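Read through the structure below, which is laid out as C-alpha cells, and then see the notes.
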Amino acid sequence: MYLIFIGPPGVGKGTQAKRICDHFSIVHLSTGVILRDEISNNSPVGKSAKTFIDVGQLVPDDVLLKMMSGRLAQNDCNNGFCLDGFPRTITQAEGLERILTNLNQSLDAVVSIVADEEELINRLVLRGSTSGRTDDTPEIIRQRLRVYRRQTEPLIEFYEQQNLIKAVEGVGKITEITERILNTLV
Ligand code: AP5
Ligand code: MG
C-alpha cells in the first residue's frame, strides 16, 4: 500500500498515518520528523531547514526531493509506505512521480484529512505547551496555515485529477477517524 497523507497543520496526519502504518505493517515517513531529527543532529540539512521551519516556511523543494529520493529507495519501503507531510508543493509532487516511476512503484491513494481552522489552531496551541516544537506558537501556527493554503492545498486538485483523493473528516475520536480512513481504502 503506497499512501500519501495530506492536510493542514494539526489535522492529525502524524497521528493517523502512524495508526494506518501499524495496520498495514508499512513504513511511516514524516518529513517533519525527519527534518527535526536532522536539526537535533546539527547536520548541514538540519541547520538549513531550521531557518525555514522556525518561521513557518517550507524548506526548499530541492532539499526535500534529494532527501526523499534517497529515503524511498531504501529496502524498507518495498512493501509500502505512508508519506506524511510530503509532497507539499506541485514541484515536490512532480518530483515524487519521477522517483516512484524509477522505483517501479505507484500510489494507491492520497488521504486528505480536513478540519476547520479553529480546531487546528486550538490543537496546536495546546500541543505547543508540551511539544517543544519551535513552530507551535500562535503566530507561527497562523503562518503555517497560510503556507498550507497557498502552496499545499493545490495538490488536492492535482491528485483529484488522478482520481486518488480519499477525503476524510478529521474531527472526532482518533479511533473513529482511523476507521473512516480504513473504510475509504478498501
Ligand atoms: P510537519 O511536522 O509536517 O508539521 P505540520 O504539517 O504543520 O503538521 P503537524 O505535524 O503539526 O500536524 P499533524 O497533521 O501531523 O497533526 P498531529 O497528528 O501532530 O512540518 C513542520 C515543518 O517542516 C513545516 O512547516 C516545514 O517547514 C517543514 N517541512 C516538512 N515537510 C516539508 C516538505 N515536504 N516540504 C517543505 N518543508 C517541509 O496532531 C496535532 C495535534 O492534535 C496533536 O497534539 C494530536 O495529539 C492532536 N490530535 C490529533 N488527532 C486529534 C483528534 N482527532 N482530536 C483531538 N486532537 C487530536
Ligand atoms: Mg505531523
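In this text the structure is predicted, and so the values were computed from the model without any measurement. Atoms within a ligand are numbered from 1 in the order they appear, just like the ligands themselves.
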What are the atoms of ligand 1, with element, lying closer than 4.0 Å to any heavy atom of [X]?
| X | value |
| --- | --- |
| F86 | 34 (N) |
| G14 | 13 (P), 15 (O), 18 (O) |
| Q92 | 33 (C), 34 (N), 35 (N), 36 (C) |
| P8 | 14 (O) |
| V11 | 14 (O), 16 (O) |
| R36 | 2 (O), 21 (C) |
| T31 | 30 (C), 31 (N), 32 (C), 34 (N) |

TODO: Go through the side-chain N and O atoms of Q143 and E139 and say whether any donor and acceptor fall under 3.5 Å apart.
DONE: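 E139 and Q143 do not have a side-chain donor-acceptor pair below 3.5 Å.
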
- Task: Would you please say whether a donor-acceptor pair under 3.5 Å links the side chains of Q92 and E97?
- Result: no

Taking 4.0 angstrom as the limit, do [X] and [Y] come out as a salt bridge?
| X | Y | result |
| --- | --- | --- |
| E118 | R123 | no |
| D108 | K166 | no |
| D22 | K18 | yes |
| R71 | D76 | yes |
| K13 | D84 | no |

Measure the distance from [atom] to every protein heavy atom, then report the residue, atom name and distance (to 0.1 Å) of the closest one.
| atom | value |
| --- | --- |
| atom 4 (O) of ligand 1 | R133 NH2, 3.1 Å |
| atom 7 (O) of ligand 1 | R144 NH2, 2.7 Å |
| atom 3 (O) of ligand 1 | R88 NH1, 3.2 Å |
| atom 37 (N) of ligand 1 | V59 N, 3.0 Å |
| atom 16 (O) of ligand 1 | G12 N, 3.1 Å |
| atom 12 (O) of ligand 1 | G10 N, 2.9 Å |

Worksheet entry | Test item: E117 and L145 side chains (from C-beta on) under 4.5 Å apart, heavy atoms | yes

(Q) Could you tell me if the side chain of L35 sits less than 4.5 Å from the side chain of F52, heavy atoms only? (A) no

Heavy-atom donor-acceptor pair, [X] side chain to [Y] backbone, under 3.5 Å:
| X | Y | result |
| --- | --- | --- |
| T152 | R88 | yes |
| S40 | R36 | yes |
| Q16 | T178 | yes |
| R144 | Q57 | no |

Heavy-atom proximity to atom 26 (C) of ligand 1, picking from R19, K50, E119, Q57, points to Q57

| request: Only heavy atoms count here, so choose which of K18, R123, E176, Q143 is nearest to atom 42 (O) of ligand 1. | output: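 Shortest heavy-atom distance from atom 42 (O) of ligand 1: R123.
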
Pick one of side chain, backbone, both or neither for how [X] approaches ligand 1, counting any non-hydrogen atom pair under 4.0 Å.
| X | result |
| --- | --- |
| L35 | side chain |
| T15 | both |
| K13 | both |

The side chain to side chain contact (heavy atoms under 4.5 Å, CB included) partner of S69 among L103, I99, L100 is I99

- Of L29, T31, V110, which is the lone residue that meets side chain to side chain contact (heavy atoms under 4.5 Å, CB included) with L83?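 For L83, the side chain to side chain contact (heavy atoms under 4.5 Å, CB included) test succeeds with only one of L29, T31, V110, which is L29.
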
N/O separation below 3.5 Å, [X] to ligand 1:
| X | result |
| --- | --- |
| S30 | no |
| F52 | no |
| I177 | no |
| L64 | no |
| R127 | yes |

Please verify whether a non-hydrogen atom of [X] lies at under 4.0 Å from ligand 1.
| X | answer |
| --- | --- |
| G172 | yes |
| L124 | yes |
| G7 | no |

